[in-house]
Enquirer: 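Sending over a structure as structure tokens; questions will come in a sec.
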Amino acid sequence: MNNSIFVNIIRFVLLVLVQVLVFNQLNFFGFINPMVYILFLYWYPVKENRAAFIGLSFILGLAIDFFSDSMALHAASTVTIAYIRPAIMRFVFGVNIEFQSFRLGNSTKAQQITFLALLIVVHHLVFFTLEIFSIANILLIIKKVLAIGLSTLILCLLFTSLFSVKKE
Amino acid sequence: MQQIINFIIRYKHFLLYIFLLMVSLGFTIQSHSYHQSSFFNSSNWLTGNIYSASSSVTSYFGLTEENKKLVEENKRLRKLLFNIKEKDTLELDSLQQQYLITSGKVINNNYAKVRNYITINKGRNDSVAPDMGVITTHGILGIVENVSNGFATVQSILNEKSKINAKIKNTNHFGSLKWDAERYDVVQLTDVPRLVKLTVGDTVVTGAKSSIFPENIPIGTIQKFDLDTSNSYYTIDLKLFNDMTNIKIVYVIQNKDKEEIMNLEQATEDEQ
């Protein structure tokens, strides 16, 4: 239990630093800055206190906002995916989620990718809708969600295979 | 009462979510219409120091190029200095000068978002204050929005909220400089009347109507112009002189007359 808290704190700090110092400066093609900090929500244990998880996600988003001068855009979108994460998990993993022995590492690769992709799509939709904040620019919103979402997905998959959860 | 408590317990996660969402939306929407919050910005102590630590490493990579830029500017300024016809020592008296300049280093630069901010390593201790103009060797960069003791955030011209007075060089036709959030090297000049003769390639500089920037600071050249929907004003696309993706050294401009101008304008408004 203590170990899990410790791991999550380290993960939190490292993801924030990697996000703001590396990926926010990337500007691939002039506008693509992948948001890899979403991995925190992907990796977070399934059977943990839900209120604490939502609170923690809010703080994570706010920490990113502090660095990137984006008001509370990251906080709003991160807290949204934190709230709907159980629903997404039930949709992707089905009844497996109810078992005590359920672990992310035990599910199939396709399920993991779907889960991650859904988190990213919802997050980016909320984020760019709030950032651009006008219906007239809907094409710009869609373009950003698709391009940046895809780059986030690819990078997150690379990260998950690099630091994969121990197979048991 | 029992039912209310039951309701709260049952939906506590949903209520927590709604509460946090409202808090963040509150901050966000407030910033759409008003200034950045003075608390949520990267000029505070923690973020400023992390950014300056990271920039102290990365700043070495562009030193050759930066040196070249500075030599180029020195050359230009020397040429100006040597070619002044009447040298008047009175003009060099520092008490008479209207503008004070502070130099600073960019420690964080954004240009891919809709509202972009730049963080610099000069703050209140170096007498940088909100609403001062910021320029580079090539031209205009933005306006200081928030300061802490050691750092400041600059609202870049690549920001939806930015609105700066500008004019076509060597004329007195004014417009306002905005950004449509599409390309980081192109900004828009609007409200230039139709009767103005424009040519692609004309230079646009800052106007005299602003108390933030001195007149005639270069901005960019005209790339394309169209009449707007009402057919009476031009919307002009400007190619910036500044490469917004690669900015290291900036100059913060303090206008000593600004307070007087502001007070005067305020007094005039109050009388009406």
Side-chain angles (χ1 to χ4, degrees), chain A residues 16-17 20-22 24-33 49-59 61-86 126-134 136-137 139-141 143-144 147-148, chain B residues 12-34 36-37 39-44 46-48 50-51 53-55 57-58 108-119 145-146 153-156 159-160 180-185 244-246:
Chain A
V16 169
L17 287 181
V20 298
L21 295 181
V22 180
N24 273 2
Q25 321 287 336
L26 206 60
N27 295 308
F28 192 50
F29 287 138
F31 71 99
I32 296 181
N33 287 331
N49 184 353
R50 204 174 154 200
F53 175 56
I54 294 179
L56 212 54
S57 307
F58 181 71
I59 298 171
L62 218 51
I64 305 280
D65 281 321
F66 260 115
F67 281 96
S68 40
D69 290 305
S70 48
M71 298 311 298
L73 291 174
H74 288 285
S77 36
T78 315
V79 86
T80 305
I81 53 171
Y83 177 70
I84 63 165
R85 192 177 89 137
V126 174
F127 183 85
F128 289 111
T129 312
L130 286 177
E131 188 193 25
I132 295 167
F133 212 61
S134 82
N137 283 329
L139 277 176
L140 185 65
I141 297 179
K143 181 186 118 185
K144 287 204 164 187
I148 300 176
Chain B
K12 63 174 189 244
H13 295 135
F14 181 67
L15 291 173
L16 176 69
Y17 165 61
I18 290 295
F19 170 70
L20 291 178
L21 189 68
M22 284 304 141
V23 170
S24 41
L25 284 186
F27 284 131
T28 310
I29 289 168
Q30 182 201 23
S31 81
H32 275 282
S33 52
Y34 191 59
Q36 210 182 0
S37 145
F39 183 61
F40 288 103
N41 64 69
S42 61
S43 74
N44 65 57
L46 179 72
T47 51
I50 289 179
Y51 272 139
S54 125
S55 116
V57 177
T58 53
N108 178 42
N109 179 16
N110 289 312
Y111 50 88
K113 291 186 288 187
V114 180
R115 279 173 291 281
N116 295 296
Y117 289 94
I118 294 161
T119 317
E145 184 147 326
N146 272 303
T153 51
V154 179
Q155 180 189 288
S156 155
N159 188 316
E160 253 191 349
D180 64 358
E182 276 186 16
R183 292 182 51 187
Y184 58 77
D185 54 350
M244 296 299 283
T245 62
N246 181 15

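Owing to the predicted nature of the structure, the values given are computational and were not obtained by experimental measurement.
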Enquirer: Which distance, rounded to the nearest 0.5 Å, do you find between the CG of B:Asn116 and the CG of A:Asp69?
Expert: 9.5 Å
Enquirer: Check whether any side-chain heavy atom of A:Val20 sits under 4.5 Å from a side-chain heavy atom of B:Thr47, and report yes or no.
Expert: no
Enquirer: Show the numbers, then the answer: is there a side chain to side chain donor-acceptor pair (under 3.5 Å) between B:Asn108 and A:Gln25?
Expert: CA-CA 8 Å; B:Asn108 178 42; A:Gln25 321 287 336; 3.1 Å; yes
Enquirer: Could you walk me through whether A:Asn137 and B:Val114 pass side chain to side chain contact (heavy atoms under 4.5 Å, CB included), step by step?
Expert: CA-CA 11 Å; A:Asn137 283 329; B:Val114 180; over 6 Å; no
Enquirer: Counting heavy-atom pairs under 4.5 Å with chain B, which one of A:Leu140, A:Asn27, A:Ile54 comes out on top?
Expert: A:Asn27
Enquirer: Nearest 0.5 angstrom please: A:Lys144 NZ to B:Lys113 NZ, how far?
Expert: 9.5 Å
Enquirer: Can you confirm whether or not the ring centre of B:Phe14 sits under 6.0 Å from the ring centre of A:Tyr83?
Expert: yes
Enquirer: Roughly how far, to the nearest 0.5 Å, is OH of B:Tyr117 from OG of A:Ser70?
Expert: 10.0 Å
Enquirer: Considering only heavy atoms, which portion of B:Thr119 lies under 4.5 Å from any heavy atom of chain A: side chain, backbone, both, or neither?
Expert: side chain
Enquirer: Tell me which of these, A:Ala75, A:Ser57, A:Ala51, has more heavy-atom pairs under 4.5 Å with chain B than the rest.
Expert: A:Ala51
Enquirer: Shortest non-hydrogen contact from A:Asn33 to B:Ala112?
Expert: ND2-CB, 3.8 Å
Enquirer: Between the side chains of B:Tyr17 and A:Thr80, does any donor sit under 3.5 Å from an acceptor?
Expert: yes
Enquirer: What part of B:Asp185 gets within 4.5 angstrom of chain A, counting heavy atoms only: side chain, backbone, both, or neither?
Expert: neither
Enquirer: What part of A:Ser68 gets within 4.5 angstrom of chain B, counting heavy atoms only: side chain, backbone, both, or neither?
Expert: both
Enquirer: Do the ring centers of B:Tyr184 and A:Phe31 come within less than 6.0 Å of each other?
Expert: no
Enquirer: To the nearest 0.5 angstrom, please state how far the CZ atom of A:Phe67 sits from the CG atom of B:Asn110.
Expert: 12.5 Å
Enquirer: Rounded to the nearest 0.5 Å, what's the gap from CZ on B:Arg115 to CD on A:Glu131? Could you check?
Expert: 6.0 Å
Enquirer: I want to check something: taking the side chain as every heavy atom from C-beta on, are A:Leu21 and B:Ile50 in contact at a cut-off of under 4.5 Å?
Expert: yes
Enquirer: Counting only heavy atoms closer than 4.5 Å, note whether B:Thr245 contacts chain A via side chain, backbone, both or neither.
Expert: neither
